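Since we're looking at a predicted model, the values are computed, not measured.
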Amino acid sequence: MIFAALAAVSLSAAVFPAETEACSRIVYHGTDSLYIVGRSLDWKTPIPTNVYVYPSGMSKKGNLQPDAVRWTSRYGAVYAVGYDGGVTEGMNEKGLVINGLFCKGTVYENDSTKDRAPMSLAVFVAWLLDMNATTDEVVAALKKRDFSISGSTFDGGTVSTLHWGITDASGKSAILEFDHGAVNIYEGDDIRAMTNDPQWPDMQAINKYWEKIGGANMLPGTVKSPDRFVRADYFLRHVESVGDADLGLAITRSVLANLCVPYKYTVESDPNVSSTQWVSFSNVRDLRYYFHPVVNPGFFYIDLGKCDLRPGRPVMKLDVSKSADYIGEVNGRMKKSEPFTPMF
């Protein structure tokens, strides 16, 4: 059995080479309607990320082109905005959470979708959070596929090939992946883990192999995407389910820590192996959004339930570059701000 397991590890290493974009996403299922979404943002260089809170009732557009998708936000939300130009993830006032992770097999468009209303990756997550309260609503909007999606390169020409994890206040989750223009959505009340490549069906096949081995006997230990997925899924199904928000957060943090790539970790054969730059946690029951740059000694959170999200209220911004000594709730440290400028 051990030799078979080692053979499987070798096979996965050959088929799925080391990632340079190694993000992880987990969903902790507690009791008393407690669900906490945790994610790591892993990249070869630091990605400056600020936290914004947007009110409802704002008019927005998906691109600079005249025929772009346009909307007026139904819900207020907190966004993590990379380079002050693109929404990486967020949570809205209804407890809907959406996180974008790299997936190198992603192809957004084909010949039949290119002429649809443009939507930039810079605001794609914001659009979904602004207009939907539940996972089912997001899925229905995506299945219409009445938009074309694209995005600018960043960090010296990197293309944002992404897939997304979606979880709402009921705990229902979905995985969104684009495959040569086709929208593939995988739904379920028991989706607990998400990493990068391969796409969802192949990742499930790998995980089923390890389920037969049994995590109490052996778990794959590398930073590769399939290995992180297997560890996440196993631990999330075997930790205690609690209803206390602080204890649930501690459990979720400990699972995510088992998946993070150590800061400044490198591999001689692959100098671009990514280390974890920051982590976040979204408590969808209590509407708390936690953020932690790994170089900070502590971590902090925004209580979205205490934010004024009514139409006409200002955009608020938390400058993460000044957060080195922030611990606990930081609503009072947010400042009025102009909306960020999307990198269309």
Side-chain angles (χ1 to χ4, degrees), residues 1-31 34-40 42 99 101-106 135 163-167 171-177 179 184-242 248 250-262 265 267 269-270 273-274 276:
M1 180 64 74
I2 291 177
F3 289 111
L6 293 175
V9 172
S10 299
L11 177 61
S12 69
V15 177
F16 308 111
E19 314 294 332
T20 60
E21 308 93 6
C23 304
S24 302
R25 181 185 196 265
I26 61 176
V27 184
Y28 172 73
H29 290 212
T31 60
L34 179 64
Y35 297 98
I36 300 176
V37 179
R39 75 85 51 87
S40 67
D42 302 352
N99 313 84
L101 282 69
F102 270 83
C103 184
K104 287 187 285 190
T106 297
T135 298
H163 60 171
W164 292 267
I166 305 157
T167 301
K172 183 171 184 179
S173 294
I175 305 294
L176 162 64
E177 296 180 334
D179 185 3
N184 294 332
I185 302 173
Y186 308 95
E187 303 176 63
D189 295 323
D190 200 31
I191 295 174
R192 311 245 181 158
M194 180 181 177
T195 53
N196 311 102
D197 300 89
Q199 293 189 338
W200 187 251
D202 292 335
M203 189 70 83
Q204 289 295 92
I206 294 170
N207 196 49
K208 288 186 182 298
Y209 170 85
W210 283 99
E211 286 177 349
K212 294 178 181 178
I213 295 175
N217 301 314
M218 178 186 293
L219 285 172
T222 78
V223 299
K224 293 181 175 64
S225 176
D227 288 8
R228 287 182 283 111
F229 183 99
V230 170
R231 292 201 302 278
D233 191 77
Y234 174 78
F235 285 124
L236 288 166
R237 295 180 189 281
H238 290 83
V239 293
E240 182 180 353
S241 293
V242 302
I251 294 170
T252 310
R253 288 179 67 191
S254 68
V255 174
L256 189 63
N258 194 270
L259 315 176
C260 290
V261 181
Y265 171 76
V267 177
S269 61
D270 188 351
V273 166
S274 299
T276 298

Atom pair CG/CZ of Leu101 and Arg39 - distance to nearest 0.5 Å:
4.5 Å

With sequence neighbours left out, the residues meeting side-chain contact (heavy atoms from CB on, under 4.5 Å) with Thr167 are Arg25, Val27, Val37, Ser173

Could you work out, with ring-ring contact (aromatic ring centres under 6.0 Å, His included) as the rule, every residue matching Tyr35, not counting sequence neighbours?
His29

Does the side chain of Thr106 come within less than 4.5 Å of Glu177's, by heavy atoms?
no

Nearest heavy-atom contact between Asp197 and Met203 is O-CE, 3.5 Å

Between Leu256 and Gly38, what is the shortest heavy-atom contact and its length?
CD2-C, 4.2 Å

Restricting to non-hydrogen atoms, name the atom on Ile206 and the atom on Pro226 that form the minimum distance, rounded to 0.1 Å.
CD1-CB, 4.0 Å

Cys23 side chain near Asn99 side chain, heavy-atom distance below 4.5 Å:
no

Of all the heavy-atom pairs spanning Ile191 and Trp200, show the shortest one and how long it is.
CG2-CH2, 3.8 Å

Over all atoms of both residues, closest heavy-atom pair of Met194 and Trp164
CE-C, 3.4 Å

Taking distance alone, no hydrogens or angles, what donor-acceptor pairs closer than 3.5 Å link side-chain atoms of residues 231-239 to residues at least two apart or in another chain?
| unit_1 | atom_1 | unit_2 | atom_2 | d |
| --- | --- | --- | --- | --- |
| Arg231 | NE | Asn258 | O | 3.4 |
| Arg231 | NE | Asn258 | OD1 | 3.1 |
| Arg231 | NH1 | Pro220 | O | 2.9 |
| Arg231 | NH1 | Thr222 | O | 2.9 |
| Arg231 | NH2 | Thr222 | O | 3.4 |
| Arg231 | NH2 | Asn258 | O | 3.2 |
| Asp233 | OD1 | Arg237 | NE | 3.2 |
| Asp233 | OD1 | Arg237 | NH2 | 3.3 |
| Asp233 | OD2 | Asn207 | ND2 | 3.2 |
| Asp233 | OD2 | Arg237 | NE | 3.0 |
| Tyr234 | OH | Ala216 | N | 3.3 |
| Arg237 | NH1 | Asp190 | OD1 | 3.3 |
| Arg237 | NH1 | Asp190 | OD2 | 2.6 |
| Arg237 | NH2 | Asp190 | O | 3.1 |
| Arg237 | NH2 | Asp190 | OD2 | 3.4 |
| His238 | ND1 | Tyr234 | O | 2.7 |

So, taking the atom named OG1 in Thr276 and the one named OH in Tyr265, what distance separates them when rounded to the nearest 0.5 Å?
12.0 Å

Drop me the distance from Phe102's CZ to Ser225's OG, to the nearest 0.5 angstrom.
13.0 Å

Consider only side-chain N and O atoms of Arg228 and Thr195, and report whether a donor and an acceptor are under 3.5 Å apart.
no

Looking at every non-hydrogen atom in both residues, tell me the closest pair between Ala174 and Ile185 and how far apart they are.
CB-CG2, 4.2 Å

